[in-house]
Amino acid sequence: METMEVAFISTDELWSRGFGEAHPLKPERLQRTYELLTAYHAFDAPNSHVIPPQPFTREDLLLFHTSEYVDVVASLSASKGGGVSARRYGFLPEETPVFPGMYETEGLKVGAALTGARLVAEGQMQVAFSFGGGMHHARPALASGVCVFNDVAVAIHWLLRQGLRVAYVDIDVHHGDGVQAAFYDTDQVLTISLHQAGILFYPGTGFPGEIGTGAGYGYSINLPFLIYTDEELYLSAFRQVVPPLVRQFAPDVLVTQLGTDTHYRDPLARLMLTTHGYVALIEELKALADAAGRWLAFGGGGYALDVVPRAWTLAYGVMSGQAFPDRLPPAYSEKYGPGSLHDAAGPDPMEAWVTAETRAYVEKNLAVLKSQTQDVWHWE
Ligand SMILES: [Zn+2]
């Protein structure tokens, strides 16, 4: 097989500032991932390249955001201002607080997204991983769920302008609502999101009835899961939906949001995946990316500091065709403690009635999805 050239979009500016010590989206998630990959010599392979993000421009942000919102973010970022006006644009202190330099730090993720998009669109790389991005909740004029600028939606808009059709697969534990809404009425982008059901859970959307409108009917696909869904059930549902639909759609580019907050030890959510299930998902996505010839991958959520670096290191290993020894390398373990790359343990087995309920919910949703989209997709 032909060698895949793979770009890891990174600079230490991505983790130099953030929402503050008490906030779960800690910049250390990114720093530790970069350090773990470096300790494994992941960037020494001839096909593996660390590429810094290009500077972003106001015009880049305007591919998705309103000019009013861009001005508001710039001025809040410079003045450190909060208060009523900030709330109107979605900046809630407990969720998406304003911080000094926010415009530059969050804009850099858009620069990183467009760097990756250009590399794969122009064919210099087959895969680009903007691990610091994946801010899938932000709206054109609204910050939401720790997301200020929607780097994913900006990049997809840019890819569409190059005449490329995009399949977007979002495996973050939260519904990819901002990206879904951005392309809800077009058949040029297929969005598929798998997530913990929005029942008393942010952002409260992502049910199978959200299917798209107009030309986009059938091109928004949602697969929610009840809490305590295990990875066997999750993977089986993924395999029934994602590969068949993406293959039928035959995209020019596969775009993925690879949040790791489906992990059983994630503090914000309650799905029960391990690193083994996560890698199985990445391998499925890699096969679809190989068929498309272009893969633009994003990071995303994931709030357990000892899980995120391992999960994204494993993901990068799949992307770049590298297998890393399971024992964490000394350069990393001396700083953060010893351990293994894959989970050594898994979640406690659930009671049979829990498993029966999570399974029945998936089966019901799959039936709804299939019946609503049978004129658009061929289901096995
Ligand atoms: Zn998330």
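For ligands, and for the atoms within them, numbers begin at 1 and follow the listed sequence.
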Among Thr275, Thr262, Thr274, which residue meets the side-chain hydrogen bond (donor to acceptor under 3.5 Å, both in side chains) test with Glu231?
->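 Passing option: Thr274.
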Candidate list His174, Glu210, His175, test side-chain hydrogen bond (donor to acceptor under 3.5 Å, both in side chains), partner Thr205, passing option |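 For Thr205, the side-chain hydrogen bond (donor to acceptor under 3.5 Å, both in side chains) check succeeds only for His175.
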His174 N/O/S atom closer than 2.8 Å to the Zn ion (ligand 1) =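 So His174 counts as coordinating the Zn ion (ligand 1), yes.
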Would you mind naming the N, O or S atom of Asp172 nearest to the Zn ion (ligand 1)?
->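 Within Asp172, restricted to N, O or S, the Zn ion (ligand 1) is closest to atom OD1.
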Name of whichever N/O/S atom of Asp261 is nearest to the Zn ion (ligand 1) |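 Nearest N/O/S atom of Asp261: OD2.
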Are Met4 and Ile51 grouped together when hydrophobic residues (ILVMFWY) are joined by side-chain heavy atoms under 4.5 angstrom apart?
->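 No, separate clusters.
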Are Arg270 and Tyr228 in a cation-pi contact, defined as NZ or CZ under 6.0 Å from the six-membered ring centre and within 45° of the axis?
->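 So Arg270 doesn't make the cation-pi contact.
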